[in-house]
Every structure is written in structure tokens, then in C-alpha cells.
Amino acid sequence: MLRVAVIGATGYTGMELVRLLLRHHRVRVSALTSRKYQGQAMGAVFPALRGMTDLICESLDLEKLAGRSDFVFTALPHKAAMEVVAGFYGLDKQVVDLSADFRFRDPRIYEQWYQPHRYEALLGKAVYGLPEIHRDAIRRARIVGNPGCYPTGAVLALAPLIKAGLVDLSYIVIDAKSGASGAGRDPSLATLYCEVNEGLKAYKVLEHRHGPEIEQELVSLAGEDVGLVFVPHLVPMGRGILNTVYVRLTRTEDTEGLMAIYADFYRGEPFVRLLPGGEFPNVSHVRGSNFCDIGLKSSEDGTRAVIVSAIDNLVKGASGQAIQNMNLMCGFPETEGLEGIALFP
């Protein structure tokens, strides 16, 4: 059994990691850390886990935790994560980091949107953890930067068309809508019930930190710069992300032709479900699962296309994808521990 530690286990993504790992037949959760809930039982912090684990949240002691763990997930805020990832890497552990600290290949872009990076040399060793795009590199990695939730859905929606050279790269619009759990578990005025309920708003327009992350992956797929407009919205639901993507095509193509391109690109992918032509996904159909559902349609004249993707931001957009990456890094079946069906309704 692979012994797994979760660093920062009491945020939403940390708890989701524990929930999913407890159902994984090839791992044993060996340690959980939490600064805020140190000394408390995980089942007391999250009553849903009562009777499922007797682990106590402990302080972060790298040497001690490394002795009890073979693999590490870091579910910490940016900046705090880079110190911990570097420490475990130095102790010869494999790490999947759920912060932004190891997602960017260019440290200058990371520094522009976050802060100076203290471990630039490790960025060259880290792999961006989107399995459908970087599977082979993930298998060889010791550090994986787990993608952000918005980028996961957006890049999966666009990758087949961009790789086929069918997108006018000068103008790509991503209209994204997320549930409140995407903001994390710490109390915030913006995510109070009375602030979110019955509301719908755009936020961080043209300045969201996931914008450059999406751009990095699209540029890598296209081999040239892209003109990206990314607008996130907060909707009154707990979890889920819907990305609606608008593109101009470089040649006329009907819906059937686009569907064939997507079917070929995602053939054999265990967690990407392509809906029949003209049908579109609903976040409620992926909630609690590691699936990304994709639907698309071409305009009547074949010059434009709309692609819609739906994911659970805490599973495929975070913790489920992190476990998918662990499975690849450790040589486990990629779907191990992630076979759950969506929680509908």
C-alpha cells in the first residue's frame, strides 16, 4: 500500500482528497496536517468522515511526515506550498501540488501574477498535471503542478480544435461560471450566503490569475500566441464549473465534422465524455465525479463554434485530477479511486 500524506487537509480540496483517497484500494492515508485544526480528529472537523478515518490533524514537520509517507499532496495556498514542495522533493518524495506554485513554466509569468518564486530551478522539473494533454510527462514526474479549476475545463474544451489548427487564435472568448467553493473555505464577505444567493456576477474581469495559466496551455498547443478573453462569474451553487467557449473557425466546418475531431482526440480518455452533437452539459451531471462533459455546435454557416464543458471544480478541477496524476506517477490504473458516478440530483 502506498502511504499518502495530505498537507493542508482541512480546506475544501484537502477534504475532497481525503474523501476520495479513503476509497482508493492501493493507498493508505498515513498523515493529515492542518494549522487551524491541529490536534483535532478529521472526523470531528468534517462529520461526513466520522467512522471513515481515525487520523488526527497534526502540525507540519517535514522530516517526521516524510518518514511515514511515500507520496505527498500539498493543498496549501500559493507561496506556502512552494516551501513544502521543495522540502519534500529534497527528501525524495513524489509530490502533487494543488496550489499555483508549480503550474507555470516561466517564472516571470508566475511572479507577475503571484510573487517572486524561490525555487525557479524546480519549475523546470515540474509537469503541468492535465493528463489528457501531458500524460507521458506526468508518468515520469516527481513534481506535478495540478491545474486550476477554470483552466482544466477551458483547455479540455479547446484542445482538439486548436491542435487541429481550426481556431482563429486572434480572438478566443471563455465565459466561465463557478460555484462558491472555488473561493476556498476561509470566511469571506463575497461568499456569504446572503451575498451569493439569488445573485450572478462577473468578477476579476480580464485580471483573474487563471487567465495566464489557460493562455500558457493554449499557446503550447497552438505553437503561437493567442488572443484570449477570459471572464469568470460566481453563481449561487456549491460546486461546479461551466465553461462556454466562443471561437471563429479557420475553415468552414459543420457540427458533425467538429464532433469527429473531438471524438478522435479524446478516444480512450476515461474522464472526458463527449455529448451527442447539439447537446450541452449540465454541472449537476458531473457533481462529485472526475468527469469532464463536453458539448459543441457549429454555426449555420460553419464559420463559428460554441464549445461548452462542465466539471466539478473540487474533483476534476482539483482533488480528483490530483489523484488521477498520482495514479499515473505511481503506475496505478488511471481510474483507480475515481470511478464514482455523479451525485444527481
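One-based numbering along the sequence shown. Note that this is a predicted model, so its numbers are computed, not measured.
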request  = Just say parallel, tilted or perpendicular for the rings of Tyr150 and Tyr203, cut-offs at 30° and 60°.
outcome  =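 Because their plane-to-plane angle lies in the 30° to 60° range, the rings of Tyr150 and Tyr203 count as tilted.
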task = For the residue pair His117 and Phe102, categorise the inter-ring angle as parallel (less than 30°), tilted (30 to 60°) or perpendicular (more than 60°).
result =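 Perpendicular, since the angle between the ring planes exceeds 60°.
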inquiry  = As a quick check of understanding, evaluate salt bridge (Lys or Arg N to Asp or Glu O under 4.0 Å) for Glu111 and Arg108, giving each step before the final call.
reply    = CA-CA 5 Å; Glu111 291 175 6; Arg108 293 171 299 178; over 6 Å; no
Answer yes or no: does atom [atom1] of [X] have more than 12 heavy-atom neighbours from other residues, nucleotides or ligands under 6.0 Å?
| X | atom1 | answer |
| --- | --- | --- |
| Leu200 | CG | yes |
| Met237 | CE | yes |
| Arg118 | CZ | no |

message = Between Ser319 and Thr13, is there a side-chain donor-acceptor contact under 3.5 Å, judged purely by atom types and distance?
response =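 Per modelled atom types, Thr13 and Ser319 side chains form no pair under 3.5 Å.
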task = Classify the side-chain pair Thr244/Asp175 by whether it contains a donor and acceptor separated by less than 3.5 Å.
result =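 Per modelled atom types, Thr244 and Asp175 side chains form no pair under 3.5 Å.
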Flag, side chain of [X] to backbone of [Y], donor-acceptor distance under 3.5 Å:
| X | Y | value |
| --- | --- | --- |
| Asp168 | Leu249 | no |
| Asn325 | Gly129 | yes |
| Ser299 | Arg304 | yes |
| His233 | Lys201 | no |
| Arg239 | Ser181 | no |
| Ser30 | Val4 | yes |
| Lys79 | Gln115 | no |
| Tyr266 | Leu156 | yes |
| Arg103 | Leu98 | yes |
| Ser309 | Asp293 | no |

Report yes if some heavy atom in the side chain of [X] is under 4.5 Å from a heavy atom in the side chain of [Y]; otherwise report no.
| X | Y | value |
| --- | --- | --- |
| Val315 | Val286 | no |
| Pro131 | Gln321 | yes |
| Leu60 | Leu62 | yes |
| Leu166 | Leu258 | yes |
| His210 | Cys149 | yes |
| Gln324 | Glu132 | yes |
| His78 | Trp113 | no |
| Leu22 | Leu49 | yes |

According to a hydrophobic-cluster definition based on side-chain heavy atoms being under 4.5 Å apart (Ile, Leu, Val, Met, Phe, Trp, Tyr only), do [X] and [Y] belong together?
| X | Y | value |
| --- | --- | --- |
| Phe265 | Ile214 | yes |
| Met326 | Tyr128 | no |
| Leu65 | Met82 | yes |
| Val84 | Leu123 | yes |
| Val283 | Val272 | no |

query = What's the verdict on side-chain hydrogen bond (donor to acceptor under 3.5 Å, both in side chains) for Ser298 and Asp254, showing C-alpha distance, side-chain angles and the deciding distance?
reply = CA-CA 5 Å; Ser298 178; Asp254 61 15; over 6 Å; no
Could you tell me which non-hydrogen atom of [X] sits nearest to which non-hydrogen atom of [Y], and how far apart they are?
| X | Y | result |
| --- | --- | --- |
| Gly165 | Thr250 | O-OG1, 2.9 Å |
| Ala157 | Ile307 | O-CG2, 3.4 Å |
| Gly278 | Phe280 | O-CE1, 3.4 Å |
| Arg50 | Gly43 | CG-O, 3.2 Å |
| Cys330 | Leu2 | SG-CD2, 3.8 Å |
| Ile143 | Met329 | N-CE, 4.5 Å |

inquiry  = Test: side chain to side chain donor-acceptor pair (under 3.5 Å). Region: residues 53-67. Which pairs qualify, not counting sequence neighbours?
reply    =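 Those involving residues 53-67 are Glu58-Arg68.
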task = Under the side chain to side chain contact (heavy atoms under 4.5 Å, CB included) rule, what do Leu221 and Leu158 come out as? Steps first, then yes or no, please.
result = CA-CA 10 Å; Leu221 287 164; Leu158 279 161; over 6 Å; no
Could you measure the distance from the [atom1] atom of [X] to the [atom2] atom of [Y]? Nearest 0.5 Å is fine.
| X | Y | atom1 | atom2 | value |
| --- | --- | --- | --- | --- |
| Ile311 | Lys316 | CD1 | NZ | 8.0 Å |
| Glu83 | Asp101 | CD | CG | 9.0 Å |
| Glu120 | Asp106 | CD | CG | 9.0 Å |
| Phe332 | His24 | CZ | NE2 | 6.0 Å |
| Leu338 | Phe291 | CG | CZ | 9.5 Å |
| Tyr12 | Leu314 | OH | CG | 8.5 Å |

Report all side-chain donor-acceptor pairs from residues 85-92 shorter than 3.5 Å, counting only partners two or more places apart or in another chain.
residue	atom	partner	partner atom	Å
Asp92	OD1	Arg142	NH2	3.4

Name of the residue among Glu213, Glu217, Glu215 meeting salt bridge (Lys or Arg N to Asp or Glu O under 4.0 Å) with Arg105 =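 So, applying the salt bridge (Lys or Arg N to Asp or Glu O under 4.0 Å) to Arg105 and each of Glu213, Glu217, Glu215, only Glu217 qualifies.
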Salt-bridge contact Asp312-Arg287 (side-chain N to carboxylate O under 4.0 Å) =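 No.
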ask   = Quick one: do Lys204 and Glu207 make a salt bridge, cutoff under 4.0 Å?
value =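 No, Lys204 and Glu207 are not salt-bridged.
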inquiry  = Which residue is it: Val29, Asp97, Leu21? I am looking for the one with a side chain to side chain contact (heavy atoms under 4.5 Å, CB included) to Phe73.
reply    =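 So the option named by the test is Leu21.
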query = Does the pair Ser34 and Val45 meet the rule for a side chain to side chain contact (heavy atoms under 4.5 Å, CB included), with working shown?
reply = CA-CA 10 Å; Ser34 173; Val45 180; over 6 Å; no
